[in-house]
Amino acid sequence: MKNPTNLLWILLLLPLIGVAQVSKDSKLYKEILAIDTALFGSYNNCDLATHETLISEDLEFYHDNGGLSTSKTDYMQALKENICNKVQRTLTPGTFEVHEIAGFGAVSLGKHSFHNLVEDSHSEPSKFITILKDTPKGWKITRVISLH
């Protein structure tokens with residue numbers, strides 16, 4: 001792991017789950033939902049160029065089954081080899097939340113499910129947490145926790 005304090009930082013954010021989210025009518029909510037929609041639209045359609053623009057160079061991707069990935073290059077390669085035209089993601093309606101992180105960006109969380117197109121199987125809805133940084137070049141996804 002590049003920096004063990006990063007995991008600690010993420011774990012410290014988990015209590016946000018119990019704190020009120022920003023209003024669904026707010027600009028922040030709409031922006032972060034649009035990022036999630038773009039991210040998984042590109043994921044579902046194997047649009048790697050769009051997907052890559054949304055991911056930070058210092059990505060940390062925590063997956064309960066796959067472990068930790070700290071390389072954007074490795075993440076994109078895994079997406080190309082294991083996801084493209086093989087898996088599609090669906091956001092579970094009514095579960096998407098956005099919480100502001102003052103001076104940094106936002107955290108989104110909710111539930112999603114996956115359709116394995118190769119095996120024609122569907123996963124049960126599972127939790128995700130995405131941390132996004134508001135940068136001069138737009139929103140960038142910096143940390144992801146994906147549980148299945």
Inset, instruction - Please step through side chain to side chain contact (heavy atoms under 4.5 Å, CB included) for the pair Gln21 and Leu109, ending with a clear verdict. - result: CA-CA 10 Å; Gln21 67 171 321; Leu109 52 121; over 6 Å; no
[X] side chain vs [Y] backbone, donor-acceptor pair below 3.5 Å:
X	Y	answer
Lys72	Glu52	yes
Glu60	Thr70	no
Thr142	Ser56	no

Out of curiosity, [X] [atom1] to [Y] [atom2], how far, rounded to the nearest 0.5 Å?
X	Y	atom1	atom2	result
Arg143	Leu59	CZ	CG	7.5 Å
Thr50	Asn45	OG1	CG	9.5 Å
Thr37	Leu91	OG1	CG	7.5 Å
Ser146	Lys127	OG	NZ	13.0 Å
Leu79	Ser69	CG	OG	11.0 Å
Asp47	Cys84	CG	SG	9.0 Å

Could you report the tightest heavy-atom contact between [X] and [Y], atom names first, then the distance?
X	Y	result
Tyr29	Ser23	CB-O, 3.2 Å
Lys111	Phe128	N-CE2, 3.5 Å
Ile141	Leu132	CG1-CD2, 3.8 Å
His63	His148	NE2-CE1, 2.9 Å
Val87	Asn44	O-OD1, 4.3 Å
Ser108	Phe96	CB-CZ, 3.7 Å

Legend entry - Test item: Asp134 and Trp139 side chains (from C-beta on) under 4.5 Å apart, heavy atoms: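 Yes - at least one pair of side-chain heavy atoms lies under 4.5 Å apart.
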Legend entry - Any side-chain heavy-atom pair of Val98 and Leu33 under 4.5 Å: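 A side-chain contact is absent here, since even the closest heavy-atom pair is not under 4.5 Å.
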Inset, instruction - Say whether Ile101 and Ile129 are linked into one hydrophobic cluster, either directly or through other cluster members, by side-chain heavy-atom distances under 4.5 angstrom. - result: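 Yes, because Ile101 and Ile129 connect within a single hydrophobic cluster, where side-chain heavy atoms sit under 4.5 Å apart.
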Inset, instruction - Give the cluster check for Phe104 versus Val107: same hydrophobic cluster or not, with ILVMFWY residues linked at side-chain heavy-atom distances below 4.5 Å. - result: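 Phe104 and Val107: one cluster.
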Legend entry - Pairwise side-chain hydrogen bond (donor to acceptor under 3.5 Å, both in side chains) hits with a residue in residues 80-93, at least two apart: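 Checked against side-chain hydrogen bond (donor to acceptor under 3.5 Å, both in side chains) - neighbours excluded - the pairs reaching residues 80-93 are Asp36-Arg89, Gln77-Glu81, Arg89-His112.
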Inset, instruction - Using distance alone, with no hydrogens and no angle criterion, decide if His122 and Asn116 have a side-chain donor and acceptor under 3.5 Å apart. - result: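 No, Asn116 and His122 have no side-chain donor paired with an acceptor closer than 3.5 Å.
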Legend entry - Parallel, tilted or perpendicular: ring planes of His51 versus Tyr75, cut at 30 and 60 degrees: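 Ring orientation, 0 to 90° scale: parallel.
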